[in-house]
Amino acid sequence: MDVTIKIKRYNPDKQAKSYWQTFNVKDIEPTDQILDVLHRVKWEQDGTLTLRRSCAHGVCGSDAMRINGYNRLACKTLVQDTGASIQVEPINGLPVLRDLVVDMEPFFDHYRSVMPYFVNNNPVPADGRERLQSQEDRMTFDNSTKCILCACCTTSCPSFWANDRYVGPAAIVQAHRFIFDTRDEGNAERIEVLSAPDGVWRCRTIFNCTPACPRDIEVTRVIGEVKLAIQRNGKTDGIVQISEIH
Ligand code: SF4
Ligand code: F3S
Ligand code: FES
């Protein structure tokens, strides 16, 4: 099949504003990725087309973009999902550097702000074994371990578009992974960050983030669990979780 792909272009060295450019690409299979179509444009028609990608298999999270109006990974979206008329633009809410490439640093600043790492300064148990955890305790944050930091959720959130100081759903998912880890002891500091005016309460439960997630993380529910944990001053006991529902 032949497809038409309309791409939002921007080159700060040449244009003051972005503009749309349309390309026709022949002999595309319905099972080809949108990333394949973009590669065909770049390799056969316009080598200046600029985009991020790496793994091409939904693992690295680098090729988030708006495809026909929805935040998606270009490598996980097939032509049979979009049809022959495709529109591609950069994700919203982050500065565009060139074509489909945005500046991810503000996103990673929010990520770093929630201390997305294991904190426990106590000595390891005297028997020299690892800090053990039950399977049930591990399941309480299983959902949030799947995040690949693609930014599809944060850049689909109208609350983030309105106020880019909002820490955003991706950072909250990352915080959840450690807040619900029974071995971690960093919750007091994390909760201080997340309780701040631009923390978790900026989430107005708009729900755009959940269908945007390519890893099928129930982002809005994860945020709700973090809100409950904050209301309980960091204690996570008794919060009904995804792992208990499914
Ligand atoms: Fe991407 Fe999902 Fe992680 Fe958000 S929660 S950054 S959409 S993988
Ligand atoms: Fe935004 Fe998702 Fe909350 S879209 S407002 S972070 S539920
Ligand atoms: Fe790695 Fe798409 S290129 S997730």
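Order of appearance sets the numbers: ligands from 1, and atoms from 1 within every ligand. FYI, side chains are in, hydrogens and waters are out, and symmetry mates aren't considered; it's all heavy atoms of this structure.
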Which of the numbered atoms in ligand 1 are under 4.0 angstrom from any heavy atom belonging to [X]?
| X | result |
| --- | --- |
| L149 | 3 (Fe), 6 (S) |
| A170 | 6 (S) |
| A151 | 1 (Fe), 6 (S) |
| I148 | 3 (Fe), 8 (S) |
| P214 | 7 (S) |
| R215 | 8 (S) |

Nearest-option assignment for atom 3 (Fe) of ligand 1, heavy atoms, candidates C157, S144, C147: C147
Backbone or side-chain N/O/S of C209 under 2.8 Å of atom 2 (Fe) of ligand 2: yes
Electrostatic pair [X]:[Y] at N-O distance under 4.0 angstrom:
| X | Y | answer |
| --- | --- | --- |
| R52 | D63 | no |
| R138 | D142 | yes |
| D46 | K42 | no |

To the nearest 0.5 angstrom, please state how far the [atom1] atom of [X] sits from the [atom2] atom of [Y].
| X | Y | atom1 | atom2 | value |
| --- | --- | --- | --- | --- |
| K17 | Y10 | NZ | OH | 11.5 Å |
| I5 | N68 | CD1 | CG | 8.5 Å |
| S144 | D181 | OG | CG | 9.5 Å |

Nearest non-hydrogen protein atom, [atom]:
| atom | result |
| --- | --- |
| atom 7 (S) of ligand 2 | F207 N, 3.2 Å |
| atom 4 (S) of ligand 3 | G61 N, 3.2 Å |
| atom 2 (Fe) of ligand 1 | C213 SG, 2.3 Å |
| atom 7 (S) of ligand 1 | C153 N, 3.3 Å |
| atom 5 (S) of ligand 2 | R204 N, 3.1 Å |
| atom 3 (S) of ligand 3 | A56 N, 3.1 Å |
| atom 1 (Fe) of ligand 1 | C150 SG, 2.3 Å |
| atom 1 (Fe) of ligand 2 | C157 SG, 2.4 Å |

Stepwise side-chain contact (heavy atoms from CB on, under 4.5 Å) test for V114 and L194: CA-CA 7 Å; V114 302; L194 290 165; 3.9 Å; yes
I223, portion touching ligand 2 at heavy-atom distance under 4.0 Å: side chain
Axial cation check for F118 ring with R183, 6.0 Å and 45° limits: yes
Contact summary for N71 and R66, nearest pair of heavy atoms: OD1-CG, 3.1 Å
Least distance between heavy atoms, K76 atom then D81 atom: O-OD2, 4.3 Å
N, O or S of C75 under 2.8 Å from atom 2 (Fe) of ligand 3: yes
Below 4.0 angstrom from a heavy atom of [X], which ligand 3 atoms are there? Numbered from 1 as shown, please.
| X | answer |
| --- | --- |
| V59 | 4 (S) |
| S54 | 3 (S) |
| G58 | 4 (S) |

Please could you name the atoms of ligand 2 that [X] approaches to less than 4.0 Å, counting only its heavy atoms?
| X | answer |
| --- | --- |
| T205 | 3 (Fe), 5 (S), 7 (S) |
| C203 | 3 (Fe), 5 (S), 6 (S), 7 (S) |
| P169 | 6 (S) |
| N208 | 4 (S) |

Test item: H110 side-chain N/O and F108 main-chain N/O as donor-acceptor pair under 3.5 Å: no
Donor-acceptor contact present, side-chain T50 to main-chain T48, <3.5 Å: yes
Joint hydrophobic cluster, V173 plus F107, side-chain heavy atoms closer than 4.5 Å: yes
contact_flag Y166 ligand 2 heavy-atom lt 4.0 Å: yes
Worked verdict on R40 versus D36 for salt bridge (charged side-chain N to carboxylate O under 4.0 Å, His left out): CA-CA 6 Å; R40 289 275 307 276; D36 295 322; over 6 Å; no
Over 12 foreign heavy atoms within 6.0 Å of CD, E105: yes
Which N, O or S atom of D63 lies nearest to atom 2 (Fe) of ligand 3, by name: OD1
Residues Q133, T182; criterion side-chain contact (heavy atoms from CB on, under 4.5 Å); working and verdict: CA-CA 7 Å; Q133 187 167 53; T182 49; 2.9 Å; yes
H39 and R53: CA distance, side-chain angles, deciding distance, side chain to side chain donor-acceptor pair (under 3.5 Å) verdict: CA-CA 10 Å; H39 279 156; R53 75 284 193 204; 2.9 Å; yes
Structural part of I148 in contact with ligand 3, heavy atom criterion under 4.0 angstrom: neither
Angular separation of C60 SG and C55 SG about atom 1 (Fe) of ligand 3, given to 10°: 110°
